Amino acid sequence: MESERRPAQDSTMTRDPSLMLPSADPVQLIDPSGAATGEPLPDRAALLRAYGDLVIARRLNDQANALVRQGRLAVYPSSHGQEACQVAAAHVLADGDWLFPTYRDTAAAVARGVDPVEVLVLLKGDWHAGYDPYEKKVAPQATPLATQLLHAVGVGHAATLRGEPTVVMALCGDGATSEGDFHEALNFAAVFKAPVVFFVQNNEYAISVPLARQSVAPSLAHKAIGYGMPGERVDGNDVAALLTVLGDAVARARRGEGPQLVEAHTYRMQAHTNADDATRYRDEADVAAWVARDPITRLSSFLALSDAQVAAFAEAAEKVAAHTRAGLNLDVDPRPDDLFDYVYAERTPQLKEQAAVVADELAREAGR
């Protein structure tokens, strides 16, 4: 006779999934026309601060693209159109919190207070990240997909063990949610209630792979349920909604309630990098449809800024661009041995061999 099945008694494995479900539609507080939706909004001072950093971020995107064309940067992954996500992610953090950015999150690091010249050193081709991660609590930008999420969880878990009120904001794109490191990071964070906010910027493409070829889940935020953490969806071009949703997630983590997954719906307006031809895999009409949803014009319309205010924000952004341009136009005298001196305390046989090859090539080049 078959034994009677009984419900599990372990309450830790019977959490109500309805409490973890994301909103049916992305949270939106300001619509694309600039009109409030009626929900409580961040105060005007917070929105003005966000607007200023949005303008700076857009100007930095344009400046970095120009520096690539001039040969001053090797590559640049533009965040044009996604600036609201990055500015909000930086603004909701306290001074002692940590930000873990990806290679596309230059604007987030700058909004956190890192010098843009130091941020872009990595993309110029230098051997290090360019800035001290501990100064502003910003980890080095990660090029491999999702690896930074594991590091972020480690920092969050360590803070919990030390009794520190630290919260970690871990950024990634939709493509990173297909990686094994994404699974491992979210599972560990949920089990140990690490104070981490996993912030997915869903810009519809992982290079040339559309979201529909990556996941058939109702949304990426729904993935949170499988780990036992709440998920939420937010309009990624609405900085007011982002400040609210991410701010709530940070406050929840700081109260010791564990991690959360937030998915921002946005769009990558430009190519993956300057080496990518986006016209091979998407239509210009799709891109044009997102122009009306631009985060900067949306917030400007809501704030009803005067021409003088707009000009003042633009002037401040131009100063940042000029500083960046001047810093990256400086010629440096590279020291090849730096490639090998800071890997291990002592050079391994392999590093010695590689250093000898480089030295030989440089010597032959000098003799021509």
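No hydrogens, no waters, no symmetry mates; every other heavy atom, side chains included, goes into these values. All values derive from a computational prediction rather than experimental measurement.
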request  = Could you please spell out the steps behind the salt bridge (charged side-chain N to carboxylate O under 4.0 Å, His left out) verdict for Asp338 and Arg335?
outcome  = CA-CA 6 Å; Asp338 284 347; Arg335 182 177 177 273; 2.7 Å; yes
Parallel, tilted or perpendicular: ring planes of Tyr281 versus Tyr205, cut at 30 and 60 degrees = tilted
query = Is the shortest heavy-atom distance from the side chain of Asp97 to the side chain of Val168 under 4.5 Å?
reply = no
inquiry  = Distance alone, cut at 3.5 Å: any donor-acceptor contact between the side chains of Glu232 and Ser23?
reply    = yes
query = Do Tyr76 and Asn61 meet the criterion of a side-chain donor-acceptor pair at a distance under 3.5 Å?
reply = yes
message = Assess the residue pair Lys136 and Asp132 against the criterion (salt bridge (charged side-chain N to carboxylate O under 4.0 Å, His left out)); give the C-alpha distance rounded to whole Å, side-chain angles, the decisive distance to 0.1 Å, and a yes or no.
response = CA-CA 8 Å; Lys136 300 294 183 180; Asp132 178 2; over 6 Å; no
Non-hydrogen side-chain atoms of Asn203 and Met269 separated by less than 4.5 Å = no
key: Side-chain heavy atoms of Ile296 within contact of Arg58, under 4.5 Å   = yes
ask   = Any luck finding a side-chain donor-acceptor pair between Asp277 and Thr279 under 3.5 Å?
value = yes
query = Without hydrogens or angle criteria, can the side chains of Asp53 and Gln86 be said to hold a donor-acceptor pair below 3.5 Å?
reply = no
request  = Classify the side-chain pair Asn237/Glu83 by whether it contains a donor and acceptor separated by less than 3.5 Å.
outcome  = no
message = Under a plain distance cut-off of 3.5 Å, with no hydrogens placed, do Thr102 and Asp105 share a side-chain donor-acceptor pair?
response = yes
request  = Take Arg268 and Glu204 through the salt bridge (charged side-chain N to carboxylate O under 4.0 Å, His left out) test and state the conclusion after the steps.
outcome  = CA-CA 7 Å; Arg268 196 193 73 212; Glu204 302 291 337; over 6 Å; no
inquiry  = Testing the 3.5 Å rule here: is there a donor-acceptor pair between the side chains of Asp238 and Gln28?
reply    = no
query = Less than 4.0 Å between a side-chain N and a carboxylate O, is that true for Arg298 and Asp31?
reply = no
message = What verdict does the side chain to side chain donor-acceptor pair (under 3.5 Å) test give for His272 and Arg104, after you've listed the backbone C-alpha separation in whole Å, the side-chain angles of each residue and the deciding distance to 0.1 Å?
response = CA-CA 9 Å; His272 176 68; Arg104 197 178 300 281; 2.8 Å; yes
task = Taking the side chain as every heavy atom from C-beta outward, state whether Pro195 and Arg254 have any atom pair closer than 4.5 Å.
result = no
ask   = Any luck finding a side-chain donor-acceptor pair between Asp174 and Gln214 under 3.5 Å?
value = yes
inquiry  = For a 4.5 angstrom cut-off between non-hydrogen side-chain atoms, does Met229 reach Phe198?
reply    = yes
query = Which of parallel (below 30°), tilted (30 to 60°) and perpendicular (above 60°) describes Phe188 and His157?
reply = perpendicular
